[in-house]
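Please read the structure below before turning to the comments.
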Amino acid sequence: MSSSPLTATPSPLLPAKSKNPPPHHHHHNPLLAYLPHCTSLRALAQLHAVAVKAGGGLQAHPAFVTRLLTLCTEQGAEAPAHLAYARQVFDRIPHPGDVVWYNTLLRGYARGGGGGGGAEEAARVFVRMMEEGVAPDTYTFVSLLKACASARAGEEGRQAHGVAVKAGAAEHEYVAPTLINMYAECGDVRAARVMFDRMDGECVVSYNAMITASVRSSLPGEALVLFREMQAKGLKPTSVTLISVLSACALLGALELGRWIHDYIRKMRLDSLVKVNTALIDMYAKCGSLEDAIGVFQDMESRDKQAWSVMMVAYANHGYGREAISMFEEMKKQGMKPDDVTFLGVLYACSHSGMVSEGLQYFDSMREYGIVSGIKHYGCVTDLLARSGQLERAYKFIDELPIKPTAILWRTLLSACAGHGDVDMGKRVFERILELDDSHGGDYVIFSNLCANTGRWEEMNMVRKLMSEKGVVKVPGCSSIEIDNMVHEFFAGDGSHPHSQEARRMVDEVIEQLKLVGYVPNTSHVFHVEMGEEEKATSLRYHSEKLAISFGLLNTAPGTTLRIVKNLRVCPDCHSMAKLVSMVFNRRIILRDLNRFHHFEDGVCSCGDYW
DNA sequence: ATAGGGTTAG
């Protein structure tokens, strides 16, 4: 079914299955000189055919097998069939005695070739290696651990760690960072940190691994602490460090720090690296400055697929769906072959701009490019349908997927049900979510609000009861604003910020002025429904967005753009409040939501109230 | 013949 070169070059490449080990032709074969030039399986097969004609094959020659395995495994995740073929070749070798063969094969799994089962396959290869009495080296451990990392297989990873310790390889300068990375990829930052703390702390790569681990685990503040620490130690950041730190800035929405890193990058003359520029585009876009993102993109000497994809998503995130699509068309015109990530970007752009039919067409066209759609693509299509109000169709779409849907998929649909006020569909969906994951506070909140807004009081009470029975808690709303290189965080209602009293007073003042132009608090999205109307109004008044916006108004010069980052989706009341603030106080407000950006200016928002 | 760290639906 695949059209890989494998089908074109079947069995002749396989060494004969014999009980006797093949004779070791270590005699010189002049054809071996051509091996390095065989950069495809097809070429290798041709060489083999020539060898057969000349009398005597090549397939038993170690150099030939190595080349074959390398070619197959370096395709990694893109061509699982190649990897399977390499494995087949390998399994037919009676007594593989060369570490390189094992390492090469393990590398294929390390690159994600085995998918979710990659770690187990890698472990099996390792066991075979032990049985054959072949001694593993550091590359063996690196690849084995990477295989566990890319398969997110924590259990196998821990076992591999144990084996590495026994072999005395765990502290090796290449193995140790890989261990940190493995634990981070498997979601265990604490284990990663334990590994990190056990090291001398003079190694840039370990710092890089730990910084990345922190960013991956949504601990960007921790990443920045590590970054300062390594600078204090005199360790020189590499491009990888800077890329990770930029990613931390992106998470925090720390534009000023991001600009500082950008200057540093220029000073270090790292600004010609494509990946560094891609990280810069991502940082600027996620910190709310689409202009700067475009600037970096335009100044790039060359751009790869990732750069295009990141720019496309940046446009989409800021509400420029059409521009995002034209980026996609442009990159195709320039001869770039879109991949799974590129399509994720296009679908994302379509769903956020209400381009339903285009989105569905792009989704269908994935097959023409030989891309298998994954759960994330399905997520985009679900969003595309659901957001535009085709709830029933979205439900069917999820229900009939060729793979088991995740709670996230249903969650997407649930949000849309809330947006369209369809409590019946919402209920069906809510039940589907509970079957898969009943620990997510947001689901209860959304559904209970939907019930409240449609007058389904008994159901609402049931949901709330269920929620407290299960001990599920609501994630508190948190908004941050960066002023003079300091990130200020505000939580809904609480007074934890040193300036929160000040911010509260400012909110009171702002609200009074907004009331003059017709602002009426809209309490329909206040979760604590057992509150009285007055209490509800108070809770709403001190939503984290309002605190952050007011604090920003108070502490910046008139006319300064306010950049806010929120950890949840913005509530309708805060959204209309921000629109009014932009008009009354003549400020641009750029608010980053869990999902997208809202640019408020002159009383309107760039999302067109579609979010 | 091989190696460690980097962007991605909601």
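The sequence lines fix the lettering, A, B, ..., with proteins before strands; numbering per chain opens at 1.
B:dT7 atom P lies 15 Å from atom CG of A:L344, rounded to whole Å. When rounded to the nearest whole Å, the span between CG of A:D443 and C1' of B:dG10 equals 11 Å. A straight line from CD of A:E185 to C1' of B:dG5 spans 11 Å, rounded to a whole angstrom. Nucleotide B:dT7 holds its P atom 23 Å from the CZ atom of A:F343, rounded to whole Å. Following rounding to the nearest Å, A:F90 (CZ) and B:dA1 (P) show an atom-to-atom distance of 17 Å. One can place CG of A:L347 at 9 Å from C1' of B:dA9, the figure rounded to the nearest angstrom. With rounding to whole Å, A:N181 atom CG is found 5 Å from B:dG6 atom P. The OH atom of A:Y109 sits 17 Å away from the C1' atom of B:dT2 (whole-angstrom rounding).
Distance from the side chain of A:D137 is smallest to B:dT2 among B:dT2, B:dG4, B:dG10. Of all nucleotides listed (B:dA1, B:dT7, B:dT8), B:dA1 comes nearest to the side chain of A:V100. If you check B:dG10, B:dG6, B:dT2 against the side chain of A:I408, the one that comes closest is B:dG10. With distances taken from any side-chain atom of A:N103 to the nucleotides B:dT2, B:dG4, B:dT8, the minimum falls on B:dT2. The side chain of A:P177 lies closest to B:dG4, out of B:dA9, B:dT2, B:dG4. The side chain of A:R387 lies closest to B:dG10 when the candidates are B:dG6, B:dG10, B:dG4. Picking from B:dG4, B:dG10, B:dT8 the nucleotide with the shortest atom distance to the side chain of A:D282 gives B:dT8.
Classification of the A:H318-A:F597 ring pair by plane angle, with boundaries at 30° and 60°, yields parallel.
The side chain of A:K146 contributes an N or O atom lying less than 4.0 Å from OP1 or OP2 of B:dG4. Contact check, A:R216 against B:dT7: a side-chain N or O comes under 4.0 Å of OP1 or OP2. Side-chain nitrogen and oxygen atoms of A:H352 include at least one within less than 4.0 Å of the OP1 or OP2 phosphate oxygen of B:dG10.
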**OP:** Give the intermediate values and the outcome of side chain to side chain contact (heavy atoms under 4.5 Å, CB included) for residues A:Y395 and A:D399.
**Re:** CA-CA 6 Å; A:Y395 188 98; A:D399 214 21; 4.1 Å; yes

Show which side-chain atoms of residues 372-379 of chain A pair as donor or acceptor with protein atoms under 3.5 Å away, not counting sequence neighbours.
{"residue": "A:H377", "atom": "ND1", "partner": "A:G374", "partner atom": "N", "Å": "3.0"}
{"residue": "A:H377", "atom": "NE2", "partner": "A:D340", "partner atom": "O", "Å": "2.8"}

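The pair A:D304-A:K275 does not meet the salt-bridge criterion, since no charged nitrogen lies less than 4.0 angstrom from a carboxylate oxygen. Using a 4.0 Å cut-off between a side-chain N of Lys or Arg and a carboxylate O of Asp or Glu, A:K146 and A:E185 do not qualify as a salt bridge.
Within the 4.0 angstrom heavy-atom criterion, base atoms lie near A:I375. Using a 4.0 Å heavy-atom cutoff across all strands shown, A:T212 reaches sugar-phosphate atoms only and no base atom. Using a 4.0 Å heavy-atom criterion, one finds that A:T278 contacts no nucleic acid atom at all. Among the heavy atoms of the strands lying under 4.0 Å from A:V205 is at least one base atom, whether or not backbone atoms are also near. Within the nucleic acid shown, A:K286 comes within 4.0 Å of sugar-phosphate atoms alone, with no base atom in reach, counting heavy atoms only. Among the protein residues, A:L409 comes within range of the nucleic acid bases, having at least one heavy atom under 4.0 Å from a base atom.
With hydrogens and angles ignored, a donor-acceptor pair closer than 3.5 Å exists between the side chain of A:T238 and the base of B:dG5.
For the pair A:Y315/A:L290, a side-chain contact is recorded, criterion being any heavy-atom separation below 4.5 Å from C-beta on.
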